[in-house]
Amino acid sequence: MELIFYCRSGYEADLLAELQDKLAINNHYGYGKFNKNDALVRFHLNKQNPDHIQSINEITRLNAKLPKFSELIFARQKLFLLSDIAFKTDNRVAEILAYLQMACPKQSFSEVFVEYAENEKNKKIAKFCKKFLVPLRTALRKLNLLTPIGNDTKSSVRLHAIFETSANCTLAISIVNDSSSNPMGIKRLKMPQEAPSRSTLKLEEALLLFFSQNQQTALFTKGMRAVDLGACPGGWTYQLIKRNIIVEAVDHGEIAENLLQTGLVEYYSQDGFLYEPQQGNVDWLVCDMLEQPSRVADLMLKWLVSRKANAAIFNLKLPMAKRYKVVSVILQNIKNTLSTHFEEYHFAAKQLYHNRDEISIVIITNTQLLKALAKPN
Ligand SMILES: C[S@@+](CC[C@H](N)C(=O)[O-])C[C@H]1O[C@@H](n2cnc3c(N)ncnc32)[C@H](O)[C@@H]1O
């Protein structure tokens, strides 16, 4: 059995190191393969018969013992390989359907993605993928292999047709509640016109990835207070005031005038490492200061442990080399400190599409906010 993961181009070795580390926790061993900058890693699991195509049920059972997609920092998508197909004819749709009927007859899918791993080389296949989606989807629908639109009892698996060239295709499946719901594992966002910087998309994506809509509504309520360290020109502050949060924006730089005019932003030209909240504490601490990651992590912990903040969202800049190793030590230190000081806490970390050489982290330590997090989707 082979697993397929997408990641940011250039991060393949980091993702593989993470996979080896996290799979070994449950005694899963194997080997990974990737080409540098391909944005894709294939991981062959030992002790799983490679020639036997497992049933979807078997895959689901196996998946329960693997690290969850949400636990993988560098993975943009988590897939199970069905087959690599070298097309023999021009009728690619027919060949894909023939394979599916042979390998997993009557299996229906919640949806189908025709996609590629996002790298420089693959840009030329984008147009083909876009065109190929319609005939493949139509053919799957005709055979009742796709959950009909509007049907609430959706299949628990998604079909992925992955292309590098039009002559070959890799068929894979993802488990709907343990994978990215975005084609290519990429959350595409439109730059909001009133936001003063593209950085705003980092916080918007983080909120969408880490929380469901219901959770967001419960976690960000009118009148809550936040501190934004390294706020300028104000992209993150913009996301917070959009959610009716009062923001103390801290930075020596210049904050966008339109944010100040909302009446929800108080600007403080101070050092983020020394700043103290105006009312002693806040609901949310956010931080996008480009600083040494361990220094930022320590600062976040200081606020959380002393109850100056109930929750935090922050970015950690990644080092140039051994990124997984360095970051996993920092994250383990964070978790150790949290476990010492809190009976219960929520922690998640991910490299987002809008992150470059950084990762985004969310931590919630406050009991009320943890309850809000328990809201169903
Ligand atoms: C990547 S930018 C933040 C962008 C911002 N999140 C946005 O969405 O517009 C980093 C900011 O951190 C600020 N910064 C760096 N070190 C700081 C410090 N010690 N105290 C306050 N601000 C700091 C910089 O001035 C810079 O404006």
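Note that the structure is predicted; figures quoted are calculated from it, not measured. Residues take their numbers from the sequence shown, with the count starting at 1. Just so you know, ligand 1 is whichever comes first in the structure, and atom 1 is the first atom listed for that ligand.
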>> What I want to check is whether the side chains of Q216 and R243 have a donor and an acceptor closer together than 3.5 Å.
In response: yes
> What atoms of ligand 1 come within less than 4.0 Å of a heavy atom belonging to G234?
Replying inline: 7 (C), 9 (O)
>> Using the ring centroid of each side chain, check whether Y275 and Y268 are separated by less than 6.0 Å.
In response: yes
> Any idea which atoms of ligand 1 are less than 4.0 Å away from a heavy-atom of W236?
Replying inline: 6 (N), 7 (C), 8 (O)
> Within 45 degrees of the axis of the six-membered ring of Y353 and under 6.0 Å from its centre: does R188 put its NZ or CZ there?
Replying inline: yes
> Does the pair D178 and N63 meet the rule for a side-chain hydrogen bond (donor to acceptor under 3.5 Å, both in side chains), with working shown?
Replying inline: CA-CA 9 Å; D178 188 26; N63 187 52; 3.0 Å; yes
> Think R42 forms a cation-pi with F34, using NZ or CZ under 6.0 Å from the six-ring centre and within 45 degrees of its axis?
Replying inline: no
>> How far is atom 4 (C) of ligand 1 from the closest protein heavy atom, and which atom is that?
In response: C232 O, 3.3 Å
>> Would you say the ring centers of F163 and F128 fall short of 6.0 Å from each other?
In response: yes
> Do the charged groups of D357 and K317 touch, with an N to O distance under 4.0 Å?
Replying inline: no
> Applying a 4.0 Å heavy-atom criterion (strictly less than), which segment of K202 is in contact with ligand 1: side chain, backbone, both, or neither?
Replying inline: neither
>> Is there a polar contact, in the sense of an N or O pair closer than 3.5 Å, between G235 and ligand 1?
In response: yes
> Which atoms form the tightest heavy-atom contact between I162 and Y116, and what is the distance?
Replying inline: CG2-CA, 4.3 Å
>> Out of all atoms in ligand 1, which are within 4.0 Å of some heavy atom of Q270? Include the element for each.
In response: 20 (N), 21 (C)
>> For ligand 1, which is the ligand I care about here, please tell me if G253 has any N or O atom under 3.5 Å from one of the ligand's N or O atoms.
In response: no
> E291 near ligand 1, heavy-atom distance under 4.0 Å?
Replying inline: no
> For atom 23 (C) of ligand 1, which candidate among M289, E358, H252 provides the closest heavy atom?
Replying inline: M289
>> Heavy-atom pairs closer than 4.0 Å: do any link ligand 1 to the side chain of Y238, the backbone, both, or neither?
In response: neither
> Which residue and non-hydrogen atom of the protein lie closest to atom 19 (N) of ligand 1, and at what distance in Å?
Replying inline: D271 OD1, 3.0 Å
> Does R198 reach ligand 1, in the sense of a heavy atom lying below 4.0 Å from it?
Replying inline: no
>> Would K350 pass as a cation-pi partner of F69, given that its NZ or CZ must be under 6.0 Å from the six-membered ring centre and within 45 degrees of the axis?
In response: yes
>> Please work out, at 4.0 Å between heavy atoms, whether the side chain, the backbone, both, or neither of A231 comes within that distance of ligand 1.
In response: backbone
> Of the listed options (S197, S199, G230, G272), which comes nearest to atom 12 (O) of ligand 1 when hydrogens are ignored and any heavy atom counts?
Replying inline: G230
> Any N/O of D288 closer than 3.5 Å to an N/O of ligand 1?
Replying inline: yes
>> Out of all atoms in ligand 1, which are within 4.0 Å of some heavy atom of F273? Include the element for each.
In response: 19 (N)
>> Which heavy atom of L171 sits nearest to which heavy atom of Y99, and what is that distance?
In response: CD1-CD2, 3.4 Å
>> My understanding is that we take every heavy atom of each candidate and find the minimum distance to atom 26 (C) of ligand 1. Doing that for D251, L201, L274, L229, which one comes out nearest?
In response: D251
> Does a salt bridge link D21 with K325, judged by any charged N lying under 4.0 Å from a carboxylate O?
Replying inline: no
> Based purely on interatomic distance, does L290 place a nitrogen or oxygen under 3.5 Å from a nitrogen or oxygen of ligand 1?
Replying inline: no
